[in-house]
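Just below is one structure, and these are the notes that go with it.
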Protein chains: 2
Amino acid sequence: MASSAFELAEFLPYRIAVLSERISRRLSLIYGAEAGITVAEWRVMVHLARCREVSVREIHNCVNLDKPRVSRAVSRLTEAGLVAKTGSATDQRLLSISLTEEGQGLLARILPPARAYERRLLQALSPEEQATLSTIMEKLHQVMDTDPDARPRSRLDLPRDAAE
Amino acid sequence: MASSAFELAEFLPYRIAVLSERISRRLSLIYGAEAGITVAEWRVMVHLARCREVSVREIHNCVNLDKPRVSRAVSRLTEAGLVAKTGSATDQRLLSISLTEEGQGLLARILPPARAYERRLLQALSPEEQATLSTIMEKLHQVMDTDPDARPRSRLDLPRDAAE
DNA sequence: TGACATTTGTTGCATTTGCAACGATACCAG
DNA sequence: CTGGTATCGTTGCAAATGCAACAAATGTCA
């Protein structure tokens, strides 16, 4: 009974969720206003900017979206002319997905304000705090890495070594 | 073109979202397995444990869920017998929502493992890191507090003073 | 009092989500 | 080869979500 002073507002998972939702929602104004881009589409496009030609599965493994979500995001982007789907020559099952000229143009307009907003967030933190935040997030991930019931982390979300 | 080395995996909003989703999903196994409770229902119940009798609007303002979501969560919980809805006597518009005996019982079973999981996460961090994490999250919130385009923060998510 | 604005909770509706099942292609063992 | 298995992308479907519209109750001000 004494343990009943449970404060949701102090519960770590809740606090992280609230912060995350708030930031995501604010950020989606940036890429949602410029074009009717959703979070899934945003992630797909950003990933394509780095990995020129990838399959659905690659994207799925890299940007924390399940397969159907990637598939539908790619379909919408293809309809919008922002992305090109080509069947791979070597493996008929695979798709080769890439940004079109238009997609690159859109991303070029969206990326700067998105980065600016990230900078705005980071500037509120001291360099030490920024470093500590990375450490903390990595440690929390590691707790879940050793937890068989937690969903595995995607390869790209593992910490970067210096030698990359 | 030189600015194209944009790494989604290093983008702060993305990193926070991934961590948050991973934790939320893991946590939902705890209160999802015990009873078919969703995140919204979980938040409503936890809030009710603290504030005995509240309206939909109160909950909506406190636990970061929009009104329809609260309304439907309360309906589901009422159907399940975990929550009681009574019309307020003084103001016919308001509802007086509270946990039933059964709801209290369920919460009593769910809360300990949920807190245990939080502890497991926190134990991965040093006391200094825990304090820094709070500082960091508060600073990020403050950036958005001064941003007219960001969604306002709910009252209960403001930092606690010592005098509480 | 009576017209008008506000607040409260609910509902409609289009969209998104998550999971499982599915056809199609590629791989592999005998 | 050939039958079985694994992988890839898509689709079905039930549930959840977000936003706006809504009816009912209250407040306000002439």
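Worth knowing before you read on, the calculation uses all heavy atoms, side chains too, and leaves out hydrogens, waters and symmetry mates. Here is the naming used below: chain letters follow the sequence lines, and residue numbers restart at 1 for every chain.
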Students often get this wrong, so: under 4.0 angstrom with heavy atoms, is [X] touching a base, only sugar-phosphate, or nothing?
X       : result
B:Ser55 : sugar-phosphate
B:Arg69 : sugar-phosphate
B:Thr38 : sugar-phosphate

Fill in: side-chain hydrogen bond (donor to acceptor under 3.5 Å, both in side chains): pairs with one or both residues in residues 55-70 of chain B, sequence neighbours excluded
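Every pair satisfying side-chain hydrogen bond (donor to acceptor under 3.5 Å, both in side chains) with a residue in residues 55-70 of chain B: B:Asn64-B:Asp157.
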Distance check: side-chain N/O of [X] vs OP1/OP2 of [N], anything under 4.0 Å?
X        : N      : result
A:Ser71  : D:dT10 : yes
B:Arg151 : D:dC19 : yes
B:Lys85  : C:dT10 : yes
B:Arg76  : D:dA16 : yes

Rounded to the Å, how far apart are [X] [atom1] and [N] [atom2]?
X       : N      : atom1 : atom2 : result
A:Ile59 : D:dT10 : CD1   : C1'   : 14 Å
A:Asp66 : D:dT7  : CG    : C1'   : 17 Å
B:Arg57 : D:dT26 : CZ    : P     : 16 Å
A:Glu21 : D:dG18 : CD    : P     : 8 Å
A:Glu41 : C:dT16 : CD    : C1'   : 11 Å
A:Arg25 : C:dT16 : CZ    : C1'   : 13 Å
B:Leu94 : D:dA24 : CG    : P     : 17 Å
A:Asp91 : D:dT7  : CG    : C1'   : 9 Å

Practice prompt. Side-chain contact test, heavy atoms from C-beta onward, threshold under 4.5 Å: evaluate it for A:Ile37 versus A:Leu77 and give yes or no.
Written response: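 Contact flag for A:Ile37/A:Leu77 side chains = yes.
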Discussion item. Pairing donors with acceptors under 3.5 angstrom, does anything connect the side chains of A:Ser126 and A:Glu128?
Written reply: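 Yes, A:Glu128 and A:Ser126 have a side-chain donor paired with an acceptor closer than 3.5 Å.
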Discussion item. Under a 3.5 Å threshold, yes or no: a donor from one side chain and an acceptor from the other, between B:Asp149 and A:Tyr117?
Written reply: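 Distance-only check fails for B:Asp149 and A:Tyr117.
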Item to complete: Give a yes or no on whether a salt bridge exists between B:Glu138 and B:Arg153, defined as a side-chain N under 4.0 angstrom from a carboxylate O.
Response: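 Salt bridge between B:Glu138 and B:Arg153, a charged N being under 4.0 Å from a carboxylate O: yes.
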Practice prompt. Between A:Arg93 and A:Lys67, just flag the one whose closest nucleotide in DNA chain C comes earlier from the 5' side.
Written response: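 Between the two, 5'-proximity favours A:Lys67.
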Discussion item. Let's see if you can work this out: which of C:dT17, D:dC19, C:dG9 has an atom nearest to the side-chain heavy atoms of B:Pro68?
Written reply: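 Closest nucleotide to the B:Pro68 side chain: D:dC19.
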